[in-house]
Protein chains: 2
Amino acid sequence: MALEIKDILKKNKLSVTGSREKILSLFLNHEGALSHGDIEKKAGEKFDRVTVYRTLQTFLEKGIIHAIPTADNSIRYALCKDDCTEGHHHDHHIHFLCMHCHNTYCLDDIVTPEIKLPDGYVADQIDVLVEGVCKNCKASVTK
Amino acid sequence: MALEIKDILKKNKLSVTGSREKILSLFLNHEGALSHGDIEKKAGEKFDRVTVYRTLQTFLEKGIIHAIPTADNSIRYALCKDDCTEGHHHDHHIHFLCMHCHNTYCLDDIVTPEIKLPDGYVADQIDVLVEGVCKNCKASVTK
DNA sequence: TACAAAAAGGCAACATTGTTGCAAAATGTG
DNA sequence: CACATTTTGCAACAATGTTGCCTTTTTGTA
């Protein structure tokens with residue numbers, strides 16, 4: 001695992017540092033997306049707030065993670081699939097926000113649908129956000 | 001126009017005040033969505049920041065406006081259609097963010113598509129965000 | 001391995017954004 | 001018009017993001 005993390009960093013021409021390894025491992029070990037706040041909390045007291053901001057920014061630019069829009073002023077981030085490279089995302093899955101556990105999941109198997117736009121509009125990127133109850137919570141609620 | 005604004009407020013059982021009239025008129029006179037910051041700027045020095053927050057909150061609760069998620073930490077708001085009432089939105093249009101003019105438009109004619117979720121997931125609300133170039137900007141750019 | 005250059009981290013100070021409590025002012029109603 | 005209720009503005013605060021600068025770490029190279 002530790003090897004895998006270093007490989008990801010190296011593949012993206014990033015120097016291997018403690019904070020990058022730590023933050024990347026948080027993403028690898030957590031199903032679902034993380035907000036900046038989540039990361040600060042999970043990382044403990046180890047890193048400066050500024051370092052977290054800068055690391056996330058770097059990961060975003062390199063295409064290691066992607067940002068997921070939300071309606072509550074707290075952007076969340078999740079790992080990209082392997083075929084994302086710098087400045088070239090292939091982010092066509094949809095995002096699912098569970099109202100119960102408040103996790104955000106990337107549903108990689110669900111592809112964003114085609115959208116017919118009015119004349120004159122040109123689409124570049126499509127984001128689909130679904131809000132509801134996730135698999136895990138559904139199971140425990142109906143129990 | 002002034003009458004219309006008061007009517008909207010009264011229909012929602014809100015007292016008619018200067019700030020509510022002003023903020024509502026901003027929405028009525030602006031094609032596209034507004035962020036909190038936009039409103040503060042457009043309103044000039046007239047209102048306290050807190051009043052803007054509280055007014056937006058109230059409008060949201062009453063179903064006069066709806067929130068549009070974004071990936072840049074600045075929620076935008078836009079007027080709801082007439083058939084939205086308190087706690088009961090009919091918000092099935094898609095949202096278009098223009099990368100050129102940075103406006104957000106509600107494309108009321110485009111209905112959110114059906115999404116087939118994996119087993120166990122239950123959808124409650126679907127938000128579609130399309131990023132690209134809008135009609136107006138396309139025209140001026142290709143010129 | 002040692003070293004210099006480059007990159008990243010930490011700190012402090014600051015800017016922006018959002019929240020809360022309370023007193024003053026405006027609103028709706030009889 | 002007077003009164004109860006609602007809304008506003010203010011002040012203080014909390015949380016979140018940003019910037020510059022200096023120190024530490026990392027990297028590539030000899």
Side-chain angles (χ1 to χ4, degrees), chain A residues 2-3 5-27 33-62 64-65 67-77 86 102 104, chain B residues 2-3 5-26 33-62 64-65 67-77 86 102:
Chain A
L3 255 179
I5 290 176
K6 289 196 170 105
D7 288 342
I8 294 175
L9 291 173
K10 283 179 182 164
K11 199 169 66 182
N12 287 280
K13 302 193 198 90
L14 292 174
S15 33
V16 179
T17 67
S19 46
R20 287 180 180 163
E21 288 184 285
K22 177 69 180 174
I23 292 176
L24 199 42
S25 80
L26 287 180
F27 279 111
L34 297 168
S35 68
H36 172 93
D38 293 334
I39 292 168
E40 260 192 85
K41 287 182 199 88
K42 280 174 183 284
E45 305 296 317
K46 282 211 68 173
F47 304 111
D48 195 84
R49 220 148 43 82
V50 178
T51 300
V52 177
Y53 281 113
R54 291 200 268 227
T55 303
L56 288 175
Q57 189 58 41
T58 303
F59 285 0
L60 259 188
E61 283 162 10
K62 291 293 182 177
I64 299 174
I65 58 176
I68 302 168
T70 67
D72 72 341
N73 258 353
S74 68
I75 299 181
R76 288 165 175 275
Y77 304 91
E86 189 163 355
H102 299 104
T104 301
Chain B
L3 255 179
I5 289 175
K6 288 194 171 104
D7 288 342
I8 295 174
L9 291 173
K10 282 177 182 163
K11 199 170 65 183
N12 286 282
K13 302 191 197 96
L14 292 174
S15 34
V16 178
T17 67
S19 47
R20 286 177 183 166
E21 287 183 285
K22 178 69 180 174
I23 291 176
L24 199 43
S25 81
L26 287 180
L34 297 168
S35 67
H36 172 93
D38 293 335
I39 292 168
E40 260 192 85
K41 286 180 200 91
K42 279 174 185 284
E45 305 295 318
K46 284 210 68 174
F47 304 110
D48 195 85
R49 221 150 42 82
V50 178
T51 301
V52 178
Y53 281 112
R54 291 198 270 228
T55 304
L56 288 175
Q57 189 58 41
T58 304
F59 286 0
L60 260 187
E61 282 163 10
K62 291 292 183 178
I64 298 173
I65 59 176
I68 303 169
T70 68
D72 72 342
N73 258 353
S74 68
I75 298 180
R76 287 164 176 277
Y77 303 92
E86 189 165 355
H102 299 105

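Just so we're on the same page: letters track the sequence lines, and every chain starts at 1.
Checking D:dG9, D:dT7, C:dG9 against every side-chain atom of B:Leu14, the shortest atom distance belongs to D:dT7. Checking D:dT8, D:dT18, C:dT19 against the side-chain heavy atoms of B:Val50 singles out C:dT19 as nearest. Of the listed nucleotides (C:dG18, C:dG9, D:dT27), C:dG9 has the atom at the smallest distance from the side chain of A:Arg20. With D:dT18, C:dT17, D:dT8 as the choices, the nucleotide that has an atom nearest any side-chain atom of B:Ser19 turns out to be D:dT8. Considering only side-chain atoms of B:Ser15, the nucleotide from C:dT17, D:dT16, C:dT27 that sits closest is C:dT27. Nearest nucleotide to the side chain of A:Thr17, out of C:dG18, D:dG17, D:dT26: D:dT26.
What separates CD of B:Glu21 from C1' of D:dT7 is a distance of 13 Å, to the nearest Å. Between B:Glu40 atom CD and C:dG18 atom P there is a gap of 9 Å when expressed in whole angstrom units. For A:Lys46 and C:dC11, the NZ to P distance is 13 Å, given to the nearest whole Å. When the P atom of C:dA7 is taken as reference, atom NZ of A:Lys10 falls 18 Å away, rounded to whole Å. Atom CG of A:Asp48 and atom C1' of D:dG17 are 12 Å apart (whole Å). A straight line from CD of B:Gln57 to P of C:dT20 spans 10 Å, rounded to a whole angstrom. Rounded to an integer number of Å, the gap from B:Ile75 CD1 to C:dG18 P is 8 Å. Remark: P of C:dT17 and OH of B:Tyr53 are 7 Å apart, rounded to the nearest angstrom.
Mapping B:Asn73 and B:Gly18 onto DNA chain C via the closest heavy atom, the residue that lands nearer the 5' end is B:Asn73.
Counting atom types as modelled, B:Arg54 pairs a side-chain N or O with a base atom of D:dG9 as donor and acceptor under 3.5 Å.
Atom OG1 of A:Thr58 and atom CZ of A:Arg20 lie 5.0 Å apart (nearest 0.5 Å).
Looking only at distances, no side-chain donor or acceptor of B:Asn12 sits under 3.5 Å from a matching main-chain atom of B:Leu14.
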